[in-house]
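Beneath this line is the structure, given in structure tokens, with notes to follow.
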Amino acid sequence: MKLKELLQYTYIIPILAVGYYFMGFMGKGVIYDIVAGLLLTGSVLSAVHHAEVVAHKVGEPFGTIILALCITIIEVALIISLMVAGGEQAITLARDTVFAAVMLILNGILGICILVGGVKYYEQFFARTSATTYLVSIVSILVLTLVLPNFTSSVNGPFYNQAQLTFVSIACLVIYGVFLMVQTGRHRSYFIVPEEHPEEHYIPTLSKTVASFIFLVVCLGIVVLMAKGLSGTIENMVQSVGAPKSLVGVIIATVVLLPEGMAAIRAARINQIQSSLNLALGSALASIGLTIPAVSTVCIMYDMPLVLGLDKKDIILLSLSVFIVMLSLSRGKTNILYGTVLLVNLAAYIFTVIVP
């Protein structure tokens, strides 16, 4: 790689952010936290750039899978570290984080992508088979992990016992594993629309791709670490305006999902709605399909209780979101109404978090 490329902000800012975090400047005052917020934002933008470089090299759907898996793995690490540190006070952390991520992806990222594409192109077209394949997997895992625990009788409350938790974890991994086999092998054509790709397709060099992949991991890691470091500041800000503490989880989940969200929106702006769907729905599936088994394993090992079942209000909001997404993607084309309705659903979710 050329020295000029290495001096771009997409390489410099993540290095500055890593140095700023590990030198312990965060939490020392408002000015320090503002600088941390700026570095975090720059790291998000850098992550989007490096994800696009990797995606151009490996092609679809592998590029979107790489970004979704990177973010999910780091999200899992963050949840587990907080749960182990928080003990029994963090028994709802995994459920709340996964639910927030799914609601933000299905309603927020997907809604903005559809709305942005609809405003610019009126209608955008994608493979209906891809949406169906995603949604079949997502709905099954959502019901098994976030709804069914409320209706089992072996343990009172929204819990699974160890045998049930083990079964559900294996079920999630089986569904996700077979989905990956379908997406990358047997039915890869479901997730690719050739007309979306421009004729002058840029292919980065191998050295640049490797560098971008390394910096992608660095960017995602520092985004999560800085989001965790700023959680105290965010919590104080939320409490100062009288909002409930659960809003902190939504804000942190939003920060963690920013890289893939921005990548999906940029794809929609250049009429690549299939890539947007691959990012959004793939991230939702990876988030819940990998997070629950990982967290369940830790809880079984440490004999920690784990609340998975949602309350009635959240089940209704989740059902509404999934139903609207299914209707919106049933015809293989989008318009601004679908995006608007999804964003209204997101607003309803965030509003009921603030005013339960």
Side-chain angles (χ1 to χ4, degrees), residues 10 44-68 70-71 104-135 138 182-184 187-204 208-209 212 216 257-286 321 324-346:
T10 53
V44 168
L45 296 174
S46 301
V48 174
H49 167 77
H50 293 301
E52 290 178 342
V53 172
V54 174
H56 280 304
K57 183 66 175 180
V58 301
E60 286 295 337
F62 297 100
T64 54
I65 291 174
I66 289 173
L67 180 57
C70 284
I71 290 178
L104 288 169
I105 292 169
L106 293 183
N107 294 301
I109 295 176
L110 199 56
I112 294 174
C113 289
I114 293 175
L115 183 61
V116 167
V119 169
K120 189 170 183 179
Y121 300 102
Y122 290 87
E123 288 184 337
Q124 290 182 301
F125 300 88
F126 58 91
R128 284 183 295 176
T129 47
S130 68
T132 302
T133 306
Y134 277 119
L135 291 172
I138 290 172
V182 168
Q183 187 183 25
T184 59
H187 301 287
R188 184 182 174 190
S189 59
Y190 288 2
F191 306 89
I192 302 173
V193 178
E195 296 88 338
E196 290 184 340
H197 298 284
E199 295 180 0
E200 58 280 0
H201 189 60
Y202 166 68
I203 304 294
K208 186 170 183 178
T209 304
S212 287
L216 172 61
L257 291 171
L258 270 178
E260 58 190 338
M262 293 185 65
I265 294 168
R266 289 180 66 172
R269 289 182 60 188
I270 58 176
N271 205 23
Q272 293 184 0
I273 191 65
Q274 184 66 59
S275 295
S276 297
L277 292 180
N278 290 346
L279 273 168
L281 297 179
S283 297
L285 180 57
S321 300
I324 296 301
V325 169
M326 293 174 68
L327 291 178
S328 301
L329 303 181
S330 64
R331 299 177 61 212
K333 57 183 180 180
T334 65
N335 62 54
I336 60 172
L337 177 61
Y338 302 154
T340 302
V341 173
L342 288 172
L343 290 175
V344 170
N345 289 346
L346 176 65

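Worth saying up front: this structure is predicted, and the values here are computed from it rather than measured. Values below: every heavy atom of this structure, side chains too, minus hydrogens, waters and symmetry copies. Here, residue 1 is the first one in the sequence, and each next residue gets the next number.
In terms of modelled atom types and a separation under 3.5 Å, the side chain of Y121 and the main chain of A268 share no donor-acceptor contact.
S321 and N345 form no side-chain donor-acceptor contact under 3.5 Å, judged by distance and modelled atom types alone.
Looking only at side-chain heavy atoms (C-beta outward), R128 and L329 stay at 4.5 Å or farther from each other. A 4.5 Å side-chain heavy-atom check between Q274 and N278 finds at least one atom pair inside the cut-off. Two residues are said to be in side-chain contact when any heavy atoms from C-beta on lie closer than 4.5 Å; I138 and L281 meet this criterion. Using a 4.5 Å cut-off on side-chain heavy atoms (C-beta onward), L106 and L346 make no contact. Residues Q183 and Y134 are in side-chain contact: their nearest non-hydrogen atoms beyond the backbone lie under 4.5 Å apart. Using a 4.5 Å heavy-atom cutoff, the side chains of Y338 and R331 are in contact.
Considering every non-hydrogen atom in both A264 and I109, the closest pair reads CB-CG2, 3.9 Å. When all heavy atoms of V119 and I336 are compared, the closest pair comes out as N-CG2, 3.4 Å. Nearest heavy-atom pair, G117 versus Q124, reported as atom, atom and distance to 0.1 Å: CA-OE1, 3.0 Å. Between S276 and A267, the shortest heavy-atom distance links the atoms OG-CB, 3.5 Å. The shortest non-hydrogen separation linking N335 to I114 is O-CG2, 3.3 Å.
Residues meeting the side chain to side chain contact (heavy atoms under 4.5 Å, CB included) test with I112, sequence neighbours left out: V116, I265, L343. In this structure K333 satisfies the salt bridge (Lys or Arg N to Asp or Glu O under 4.0 Å) test together with E123, sequence neighbours excluded.
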